[in-house]
Amino acid sequence: MVSRVIPVEPFDLVIFGGTGDLARRKILPGLYRRFLSGQMPPEARIIGAARTDQDDAAFRNFVGAAIKEFVPKNRCDPKAIDRFLAQISYITVDVRGDKGWNTLAKMIRSDVVQAFYFSVGPGLFGDIATRLNDYKIATPLSRIVVEKPFGRDLTSAKELNAVLAASFEEQQIYRIDHYLGKETVQNLMAVRFANVLFEPLWNAQYIDHVQITVAETVGVGGRGGYYDKSGAMRDMVQNHLMQLLCLTAMEPPAQFEPDAMRDEKLKVIRALDPVDASDIVRGQYGGDPSYLDDCENPASLTESYIALKVDISNWRWKGTPFYLRTGKRLKGRMSEIVVHFKETPHSIFDDDAGRHANILSIRLQPDEGIDLRVTIKEPGPGGMRLVDVPLDMTFADALGPEAKDVPDAYERLIMDVIRGNQTLFMRGDEVEAAWAWTDPIIERWQARRDKPKTYEAGSSGPEDALMLLHKDHRRWREIKA
Ligand code: NDP
Ligand code: BG6
């Protein structure tokens, strides 16, 4: 595989929340990897900003330690790290007050791309946007990167959109959903729209159902405070799984271009039917520690697992359900989109031959790849016996070891911000439409004070989730340990 890294223009990137967990684990190590790839020009500057009072040297130590912790050892070249750190500085800023803002205004160059990454709690997003404007730091060329969660319901998302819109144009606002930056998610676009093979079959006539799974082995750990007010529906379904559903279900856009893509995704969200209560299963992991221990709330009614059946009312998908599930402390870490095609309308073979439907699975993680199961004759004597075999394309096998070294979602997305490409970011109306669909589902279980089912930590989720598919004569794909 030939590496084709295109350097970006010089930039000033300010990371508000530069001392936080996300910056430490994802943003800063990701930027170092882009630097190593030769994508970051020497004139580019990264500025960490937070309340902690420290100098550049202390922040560089913090960044160096983050790189050593989160970048594979064979890529931690001390000289390269030093050169990267030389492009980094720190400023003490209180985004709720006045401290640091005048200094920041003097630091930012007006003749390079300016990007401001809001990696702070969601309650501070509006404060930063407003101050960037009040202190005349923002210019028409500035870009802001807004982390999740983008609101907690339609009302709060609308309010946040309005606050951001008071200081920035929509073309300047990059709402992050890191699932859109994952390599295989973009490969889904390539599979669908760069092959003639699948698109003619990509509809209710040929597809029986679609399963989208994001299974995690981790619990809510130290994030219990945030998570307990959120739950799997808000934390994962409203954004990540919704985006995966949209990319799977959308019509082909005329171009792979921001508004064309986002218009098509929006149409899918607006075509989602309300979900019946009987088509939703919520769970909480048991074990030691259990979900209730982790969130330190013995009376919590928040779900750490959710499975739901979603119908899309449009010509392409009417009658083909999308089953979504996601949960914490499950048997394995596995994210995939699986398209189950229908069986052939008629079998010319004996019943004894067996019958299999084609299955296309798009694995996001681990082992990114695409696998298509096709039916063939079982080799050898014994008459016509059919067997389904995988046409497996694990990217690392097909494209060589470099394919394993794809940019992490965050690093790809940050580079897209610098390039000014919004294709893989959510537009304001898209986020609002997703909340408009999500809100009534959450409101219903809150009004009824529905208690999630307990499931065993390390299992595949609550038993009732199996029934969700069994009652439709279907089966979930196995979550592998
Ligand atoms: P942390 O609590 O670890 O970090 C918060 C950061 O904000 C710190 O750098 C803190 O530094 C800074 N901060 C807090 N108050 C102020 C203030 N008044 N002025 C300036 N800086 C301030 O949070 P995370 O890094 O975990 O999360 C950041 C954002 O990213 C959140 O919106 C979160 O939802 C989102 N996110 C995080 C993920 C993760 O894995 N961590 C995953 C997905 C999204 P100081 O105390 O020095 O001011
Ligand atoms: C985050 C959620 O957005 O995505 C977390 O807040 C979740 O709860 C994480 O663990 C999963 O991301 P990934 O990339 O590890 O699948």
Side-chain angles (χ1 to χ4, degrees), residues 14-30 47-54 58-59 62-63 66 70 90-101 104 116-128 131 145-152 160 175-185 212-244 291 294-295 302-306 326-330 332-336 363-366 368 408-413:
V14 181
I15 307 170
F16 291 100
T19 58
D21 177 66
L22 185 67
R24 190 174 74 86
R25 287 192 305 111
K26 296 285 184 185
I27 304 173
L28 293 160
I47 303 161
R51 285 168 309 180
T52 302
D53 212 357
Q54 61 180 343
F59 186 61
F62 166 84
V63 179
F70 295 104
Y90 180 81
I91 178 167
T92 305
V93 174
D94 182 355
V95 304
R96 280 236 155 108
D98 295 322
K99 189 168 185 180
W101 285 96
L104 183 63
F116 301 97
Y117 197 127
F118 296 7
S119 182
V120 293
L124 302 177
F125 295 162
D127 292 297
I128 305 179
R131 280 172 179 70
V145 187
V146 187
E147 255 306 329
K148 67 168 286 201
F150 199 94
R152 51 174 287 105
L160 181 53
R175 295 174 192 80
I176 282 241
D177 184 315
H178 77 280
Y179 265 62
L180 288 176
K182 289 188 188 271
E183 182 72 11
T184 323
V185 170
I212 301 179
T213 300
V214 178
E216 298 185 272
T217 49
V218 291
V220 298
R223 296 172 71 217
Y226 149 77
Y227 193 93
D228 202 39
K229 292 194 201 77
S230 176
M233 188 71 185
R234 286 194 173 98
D235 185 50
M236 296 295 289
V237 176
Q238 185 273 346
N239 40 77
H240 305 325
L241 279 86
M242 174 69 79
Q243 290 296 322
L244 300 183
Y291 174 78
D294 277 347
C295 71
T302 303
E303 75 287 351
S304 63
Y305 175 100
I306 186 162
T326 181
K328 306 245 179 233
R329 294 290 304 273
L330 295 175
R333 178 171 184 256
M334 176 185 108
S335 298
E336 59 175 24
R363 290 190 304 271
L364 272 62
Q365 57 200 29
E368 292 106 333
D408 167 78
Y410 279 94
E411 53 189 277
R412 180 197 307 281
L413 293 175

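Atoms within each ligand, like the ligands themselves, are counted from 1 in listed order.
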Exercise for the section: Quick one: look up the protein heavy atom nearest atom 12 (O) of ligand 2 and list residue, atom name and how far away it is. Expected result: His178 NE2, 3.1 Å
Exercise for the section: List every atom of ligand 1 that sits less than 4.0 Å from any heavy atom of Gly20, numbering the atoms from 1 in the order shown and giving each element. Expected result: 3 (O), 4 (O), 8 (C), 9 (O), 25 (O)
Exercise for the section: Give yes or no for whether the N/O distance cutoff of 3.5 Å, strictly under, is met between Tyr410 and ligand 1. Expected result: no
Handout entry: Polar side chain donor-acceptor pair, Tyr117 to Glu147, under 3.5 angstrom
Key = yes
Practice task
Output the list of atoms in ligand 2 that are nearer than 4.0 Å to some heavy atom of Glu216, sorted by atom number.
Solution key: 7 (C), 10 (O), 11 (C)
Exercise for the section: Output the list of atoms in ligand 2 that are nearer than 4.0 Å to some heavy atom of His240, sorted by atom number. Expected result: 1 (C), 3 (O), 4 (O)
Handout entry: For Lys328, atoms of ligand 2 separated by under 4.0 Å from a heavy atom
Key = 5 (C), 7 (C), 8 (O), 10 (O)
Practice task
Please confirm whether Phe118 comes within less than 3.5 Å of ligand 1 when only nitrogen or oxygen atoms on both sides are compared.
Solution key: no
Problem - N or O pair under 3.5 Å between Gly121 and ligand 1 - result: no
Fill in the blank from the handout: In this structure, atom 15 (O) of ligand 2 is nearest to the protein heavy atom Arg333 NH2, 3.7 Å
Exercise for the section: Using a strict cut-off of 4.0 Å, indicate which atoms of ligand 1 neighbour a heavy atom of Val93. Expected result: 19 (N), 20 (C)
Practice task
Fit a plane to each ring of Tyr410 and His178, take the angle between them on a 0 to 90° scale, and name the class: parallel (under 30°), tilted (30 to 60°) or perpendicular (over 60°).
Solution key: parallel
Practice task
Provide, to 0.1 Å, the distance between atom 16 (O) of ligand 2 and the closest protein heavy atom, together with that atom's residue and name.
Solution key: Tyr179 OH, 2.5 Å
Problem - Polar atom proximity, Thr19 to ligand 1 (N or O, under 3.5 Å) - result: yes
Exercise for the section: Answer yes or no on whether Lys148 is positioned over the face of Phe150, meaning its NZ or CZ is under 6.0 Å from the six-membered ring centre and within 45° of the axis. Expected result: no
Problem - Arg25 heavy atom under 4.0 Å from ligand 1 - result: yes
Exercise for the section: Identify which of Leu22, Thr326, Val220, Asp235 has a heavy atom lying nearest to atom 6 (O) of ligand 2. Expected result: Asp235
Handout entry: Atoms in ligand 2 flagged as close to Lys182, the criterion being non-hydrogen separation under 4.0 Å
Key = 13 (P), 14 (O), 16 (O)
Practice task
Under 4.0 Å from a heavy atom of Val95: give me the atoms of ligand 1 that qualify, with their elements.
Solution key: 17 (C), 18 (N), 19 (N), 20 (C)
Exercise for the section: Return yes or no for this condition: an N or O of Ala50 is under 3.5 Å from an N or O of ligand 1. Expected result: no
Fill in the blank from the handout: If we number the atoms of ligand 1 from 1 as shown, the ones under 4.0 Å from a heavy atom of Pro149 are 34 (O)
